[in-house]
Amino acid sequence: MAAAVDGEEEKEQKLEETLVQRVERITGKRAHPFLRRGVFFAHREFDKILDSYENGDKFYLYTGRGPSSEALHLGHLVPFLFTKYLQDAFKVPLVIQLTDDEKCIWKNISVEESRRLARENAKDIIACGFDITRTFIFCDFDYVGGNFYQNMVRIAKCVTLNQARGIFGFTGEDHIGKVSFPPVQAAPSFPTSFPHLFGEKRDIHCLIPCAIDQDPYFRMTRDVAPRIGFHKPALIESLFFPALQGESGKMSASDPNSAIYVTDSLKDIKNKINKYAFSGGGATIEEHRKNGANLEVDVPVKYLTFFLEGDEELAQIKQEYGTGRMLTGEVKGRLIEVLSGMVDRHKKARAAVTDEMVDAFMAVRPLPQMFS
Ligand code: TRP
């Protein structure tokens, strides 16, 4: 994909260790493992968000999900788990966009089905533990209109079709639904899209945690922002979550064995990890004992890097496995424990989310305590 709209937007910055330490100092909390371990590895002006936060200026968080499937896999949880940490650590409001329109536009999903999936996905998101006094969840089919739509039109007028082609790769054969979508994802970056939260205030900063593949949308948004009188949204961006088959594979809804889903049973988890998780271990025990595992390509180690709590245990596993003292089966065994605990907790939390709670999170309402 080509550079930003007018070519001025630079490349994203690497999220340096010093920035992680700064987050710990400001929040008085240990940084989330995703930060400490480089899962969120890149940013745009996150340092500026911290500067203004230290000066007493407020910001809000914005993230989202395209509801393309019934069940979420573990990779889908990554931005939400991280956003929850940021919300708790900085005590700031959060808006979550469910792009039911996007998935209807891009996939073979009807408007009705996409709306249903958005509500189902909202339950999984709420199960991550968001604070209802600081969180507004909305789906586009219901919320787009009013001030939000006014911002969409302001944004749309700043981007030519040629620029959109450069950024998103649209071709003449794409239907115009696709071309019309980017302003929908851009609009939540601007506070006046949420008058019930921020009134007419234009000077509130926005921080967007997302996976790196969303960057084109926000390069466009950042380019447009000053031209329509807003701050550029800041970004904090994560690596992709690898498929069970390894970096080369892509997690796909059509292959249930490419990912662990939050709906999987203990048996599914065991079976998938033992059978499909790509191992960097030696071909034979002798070879493994001699050369150790290749940690660069080993999926169980990658998954543990995302989800194992203890830094020391992680370091120890890497050391033992990398030198061949620990075997793939043992590492997989530990991963099965960790993931089944996680999935089990998620299932319980999701079962406790009622339709009334979904309505409450999605109600268009002021959040009086959102900054405290
Ligand atoms: N386009 C994203 C997806 O397909 C959904 C999304 C909308 C999003 N707004 C966002 C993701 C903001 C991250 C941040 O899943």
Side-chain angles (χ1 to χ4, degrees), residues 1 12 34 39-40 42-46 49 59-84 86-87 92-109 114-115 117-118 120-122 124-125 128 130 135-144 148 151-152 155 164 167-170 177-191 193-194 205-222 224-225 232-241 250-253 259 362:
M1 276 181 221
E12 71 277 355
F34 291 165
V39 170
F40 280 78
H43 75 98
R44 292 182 187 273
E45 291 188 325
F46 180 48
I49 289 278
F59 72 92
Y60 70 100
L61 292 161
Y62 158 40
T63 193
R65 163 163 171 81
S68 58
S69 63
E70 187 96 37
L72 276 67
H73 59 60
L74 295 179
H76 291 139
L77 293 183
V78 167
F80 291 106
L81 296 172
F82 187 62
T83 303
K84 147 103 178 122
L86 291 173
Q87 178 180 57
V92 287
L94 160 66
V95 297
I96 301 177
Q97 178 178 44
L98 298 172
T99 51
D100 43 9
D101 51 349
E102 177 189 14
K103 293 304 147 175
C104 177
I105 287 169
W106 258 272
K107 311 244 163 171
N108 185 19
I109 299 178
S114 202
R115 285 169 62 82
L117 290 175
E120 286 306 305
N121 285 186
D124 285 293
I125 292 169
C128 293
F130 292 105
T135 306
F136 172 53
I137 304 179
F138 63 99
C139 54
D140 292 335
F141 279 136
D142 289 332
Y143 185 69
V144 172
F148 189 103
N151 280 338
M152 277 173 52
I155 296 160
I167 301 169
F168 301 102
F170 298 137
K178 293 187 183 179
V179 182
S180 73
F181 177 74
V184 184
Q185 182 155 334
S189 313
F190 303 135
S193 296
F194 306 99
H205 288 270
C206 174
L207 172 64
I208 307 172
C210 62
I212 189 76
D213 64 334
Q214 300 299 306
D215 193 67
Y217 286 109
F218 300 120
R219 285 205 311 268
M220 181 196 86
T221 311
R222 283 171 57 82
V224 166
K232 294 182 176 196
L235 296 165
I236 180 160
E237 300 177 312
S238 72
L239 302 167
F240 280 124
F241 189 77
K250 189 165 165 13
M251 289 187 290
S252 85
M362 299 184 79

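Start at 1 and go down the list; that is how both ligands and their atoms are numbered. Nothing fancy with the numbering, it's 1 onward along the sequence.
- In T63, the parts holding a heavy atom less than 4.0 Å from any atom of ligand 1 are both the side chain and the backbone.
- Side-chain atoms of D100 come within 3.5 Å of backbone atoms of D140 as a donor-acceptor pair (strictly under, hydrogens ignored).
- Atom numbering of ligand 1 starts at 1 in the shown order; those under 4.0 Å from a heavy atom of Q97 are 7 (C), 9 (N).
- With ligand atoms numbered from 1 in the order given, ligand 1 contributes 5 (C), 7 (C) to contacts under 4.0 Å with heavy atoms of T99.
- The shortest contact between atom 11 (C) of ligand 1 and any protein heavy atom is with G64 O, 3.3 Å.
- Among all protein heavy atoms, the one lying closest to atom 3 (C) of ligand 1 is G66 N, 3.4 Å.
- Just one residue in the list I109, I125, N121 forms a side-chain contact (heavy atoms from CB on, under 4.5 Å) with P67, and that residue is N121.
- For F136 and F138, the gap between ring centers is short of 6.0 Å.
- Shown in contact with C210 at under 4.0 Å from a heavy atom are these atoms of ligand 1, numbered in order with element: 13 (C), 14 (C).
- Interface of E102 with ligand 1, defined as ligand atoms under 4.0 Å from a residue heavy atom, comprises 1 (N), 2 (C), 3 (C), 4 (O), 5 (C).
- In this structure, R65 does not pair ionically with D124, as no charged nitrogen and carboxylate oxygen lie closer than 4.0 Å.
- Residue F218 touches ligand 1 through its side chain alone, judged by heavy-atom distances below 4.0 Å.
- Between the side chains of Q185 and T99, not a single donor N or O lies within less than 3.5 Å of an accepting N or O.
- F181 and F168 have their aromatic ring centers separated by at least 6.0 angstrom.
- Counting only distance, with no hydrogens or angles, the side chain of Y62 and the backbone of A186 share no donor-acceptor pair below 3.5 Å.
- Taking every heavy atom of K103 and a limit of under 4.0 angstrom, the matching atoms of ligand 1 come to 4 (O).
- An N or O contact shorter than 3.5 Å is missing between Y217 and ligand 1 by distance.
- Evaluation of the salt bridge (charged side-chain N to carboxylate O under 4.0 Å, His left out) rule for D101 yields no partner, not counting sequence neighbours.
- Residue contacts with ligand 1, taken as heavy atom pairs separated by less than 4.0 Å, involve R65 solely via the backbone atoms N, CA, C and O.
- The closest protein non-hydrogen atom to atom 2 (C) of ligand 1 is Q214 OE1, 3.3 Å.
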